[in-house]
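Some notes on the structure that comes next.
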Amino acid sequence: MPVILHVRVVSGTGGGPEKTILNSPRFLRPFQYRSVCIYLRDPEDSGFAVLTERAAERNAPLQAIDDFGIKDWRITKRVSKLLEHYPNAIWHGHDYKSNLLGLLLRRRHPMPLVTTVHGWVQRTWKTPLYYFIDRRCLPRYDQVVCVSQDLYNDCVRLGVAESQLTLIDNAIALDDYKVDVSQSDAKRKIGFDADTFLIVAVGRLSAEKGFDLLIEAVASLIESGKNIGLAIAGDGSEDQQLQQQIKRTGYEQRIRLLGFVSDPRQVYRAADLYTLSSRREGLPNVVLEAMAMNLPVVATRVAGMPRLMRDGVNGRLVDPGCKESLSQAIAELIDDPIKRAQMAAEGRKTIEESFSFKRRMEQMVDIYQSLSFAN
């Protein structure tokens with residue numbers, strides 16, 4: 001039975017790609033593929049325990065390999081030793097470092113190479129290095145999967161032949177998004193009154209997510225007299241900055257950072273409206289999750305969002321970086337419960353018909369099979 005090795009560098013509790021990686025093993029089993037999720041992580045990172053729990057919940061085999069950073073050249077030897085246990089493997093990378101490792105290790109361990117490009121959205125001083133490595137690696141991979149059209153176009157510009165490229169959207173395991181708690185109880189659990197119209201967002205607290213704009217937009221609506229609240233679930237480098245911004249608004253009881261939430265389904269259940277305020281994105285899993293849970297969504301018109309949403313039908317799209325557009329779209333839906341219900345129903349239908357995880361994995365299996373036969 002072929003083995004798919006999903007390899008990724010991770011810090012803390014991970015991000016959106018983990019939802020794809022950790023769900024893949026159970027959806028691949030019916031197609032006669034085994035899977036192992038190989039995470040390169042700092043052994044001192046306590047957040048990895050959360051990923052271990054999530055893997056166990058999804059019956060996803062997980063291997064952790066110590067990774068001591070960018071200068072840790074011994075990582076190649078440690079991964080090579082693990083590969084000796086999987087002679088019939090397909091390497092599936094999920095970031096720049098796993099892409100580089102795959103190429104280096106194929107010299108000793110002949111294997112097909114696949115990677116998924118999830119998006120280069122968090123920009124730091126290391127970002128040019130990541131681009132440089134991917135520019136060298138991606139054209140040498142047998143198949144490159146992109147989760148949005150803009151990433152597909154980026155890969156073409158990086159020199160990847162279109163015969164090696166496939167666009168496969170992120171997707172949702174619908175069975176994972178069932179909850180048995182009432183909305184009013186869910187609101188109280190995170191500190192809001194049952195009659196408060198609650199706007200929620202979930203994601204890493206970093207600049208590209210645009211949470212500063214969302215906070216400004218919601219504060220302006222509160223000032224106009226709306227009985228609303230905002231809950232943002234997630235942790236990250238912008239935590240203190242956003243806390244200070246909330247304090248300056250004077251609405252600390254109505255705009256809250258929840259920190260890391262191990263089960264965001266409870267946050268979705270509390271919501272009346274989901275918002276994506278990102279300045280940059282691929283195709284974010286959080287929006288798919290919100291739609292799967294029958295929430296109306298207001299989102300910025302970034303990357304894969306226009307492919308997912310038809311403005312005014314299954315969601316509302318606004319220009320990124322514009323607080324006024326975001327505030328106006330939210331206000332329109334607050335005042336129109338019928339439109340909210342219609343959008344929520346259309347959103348759920350969109351996920352069921354076009355973004356189910358089963359359908360995504362069928363597309364992945366076609367890629368794996370073509371590589372298996374070719375090699």
Whether over 12 other heavy atoms sit under 6.0 Å from Arg140 CZ: no
Shortest non-hydrogen contact between Val202 and Tyr274, atoms and distance: N-OH, 3.0 Å
4.5 Å side-chain heavy-atom contact, Met343 and Lys339: yes
Ser182 versus Ser184, side-chain donor and acceptor atoms under 3.5 Å: yes
Residues forming a side-chain contact (heavy atoms from CB on, under 4.5 Å) with Gln328, sequence neighbours excluded: Glu332
Reference residue Thr115; test side chain to side chain contact (heavy atoms under 4.5 Å, CB included); the match among Asp95, Asp134, Asn99: Asn99
Pairs meeting criterion salt bridge (Lys or Arg N to Asp or Glu O under 4.0 Å) with involvement of residues 73-89, two or more places apart: Asp72-Arg78, Glu84-Arg108
Nearest non-hydrogen partners of Met364 and Val114, listed with the distance: CE-CG1, 4.5 Å
Closest approach of Arg316 to Ala329 (non-hydrogen atoms, all atoms of both residues): NH2-CB, 3.7 Å
Pi-cation contact, Tyr177 with Arg348 (under 6.0 Å, within 45°): no
Check: Ser98 side chain, Arg8 main-chain N or O, donor-acceptor pair, under 3.5 Å: no
Short side-chain donor-acceptor distance under 3.5 Å, Asp272 and Gln183: yes
Result block: side-chain N/O donor-acceptor pairs under 3.5 angstrom for residues 318-327, not counting sequence neighbours:
unit_1: Asp319; atom_1: OD1; unit_2: Arg301; atom_2: NH1; d: 2.8
unit_1: Ser327; atom_1: OG; unit_2: Ser220; atom_2: OG; d: 3.4

Side-chain heavy atoms of Ser206 within contact of Phe211, under 4.5 Å: no
Side-chain H-bond candidate by donor/acceptor type, Tyr86 with His109, under 3.5 Å: no
Student check: side-chain heavy atoms of Lys97 and Asp67 closer than 4.5 Å: yes
Short side-chain to backbone donor-acceptor contact, Asn314 and Met309, under 3.5 Å: no
Members sharing Leu62's hydrophobic cluster (side chains within less than 4.5 Å): Val10, Ile21, Leu22, Tyr39, Phe48, Leu51
Close side-chain approach of Thr20 to Thr116, heavy-atom, < 4.5 Å: no
Asp175 and Arg26 ion-paired at < 4.0 Å: no
Worked verdict on Ile190 versus Leu198 for side chain to side chain contact (heavy atoms under 4.5 Å, CB included): CA-CA 11 Å; Ile190 59 175; Leu198 186 59; 3.8 Å; yes
Cluster link Leu273 to Ile255, ILVMFWY, side chain under 4.5 Å: yes
Side chain proximity check, Asn59 to Arg29, heavy atoms < 4.5 angstrom: yes
Minimum side-chain heavy-atom gap Asp142-Gln164 below 4.5 Å: no
Trace of the salt bridge (charged side-chain N to carboxylate O under 4.0 Å, His left out) decision for Asp212 with Arg279: CA-CA 11 Å; Asp212 56 326; Arg279 295 177 171 94; 2.9 Å; yes
Exam field: side chain Asp66 to backbone Pro43, donor-acceptor pair closer than 3.5 Å: no
Contact summary for Leu230 and Phe192, nearest pair of heavy atoms: O-CZ, 3.6 Å
Side-chain donor/acceptor of Glu18 to backbone N/O of Thr13, under 3.5 Å: no
Matching residue for Cys155 among Val145, Leu167, Val144 - test: side chain to side chain contact (heavy atoms under 4.5 Å, CB included): Val144
Shortest non-hydrogen contact between Ser278 and Thr300, atoms and distance: O-OG1, 2.7 Å
Side chain Arg106, main chain Trp91, donor-acceptor under 3.5 Å: no
Inter- and intrachain pairs under side chain to side chain donor-acceptor pair (under 3.5 Å), touching residues 190-202, at least two apart: none
Residue pairs fulfilling salt bridge (Lys or Arg N to Asp or Glu O under 4.0 Å) with at least one residue in residues 231-254, sequence neighbours excluded: none
Arg307 with Asp150: basic N within carboxylate O range, under 4.0 Å: no
Leu288 vs Leu308 side-chain heavy atoms within contact, under 4.5 Å: yes
Flag side-chain contact, heavy atom, 4.5 Å: Leu295 against Glu289: no
Considering all heavy atoms, the nearest Ala233-Val267 contact: CB-CG2, 4.3 Å
Ring geometry between Tyr368 and His6 (parallel below 30°, tilted from 30 to 60°, perpendicular above 60°): perpendicular
Neighbour count above 12 (heavy atom, 6.0 Å) for Gln241 CD: no
Value rounded to 0.5 Å, distance of CD1 in Ile228 from CG in Leu221: 4.5 Å
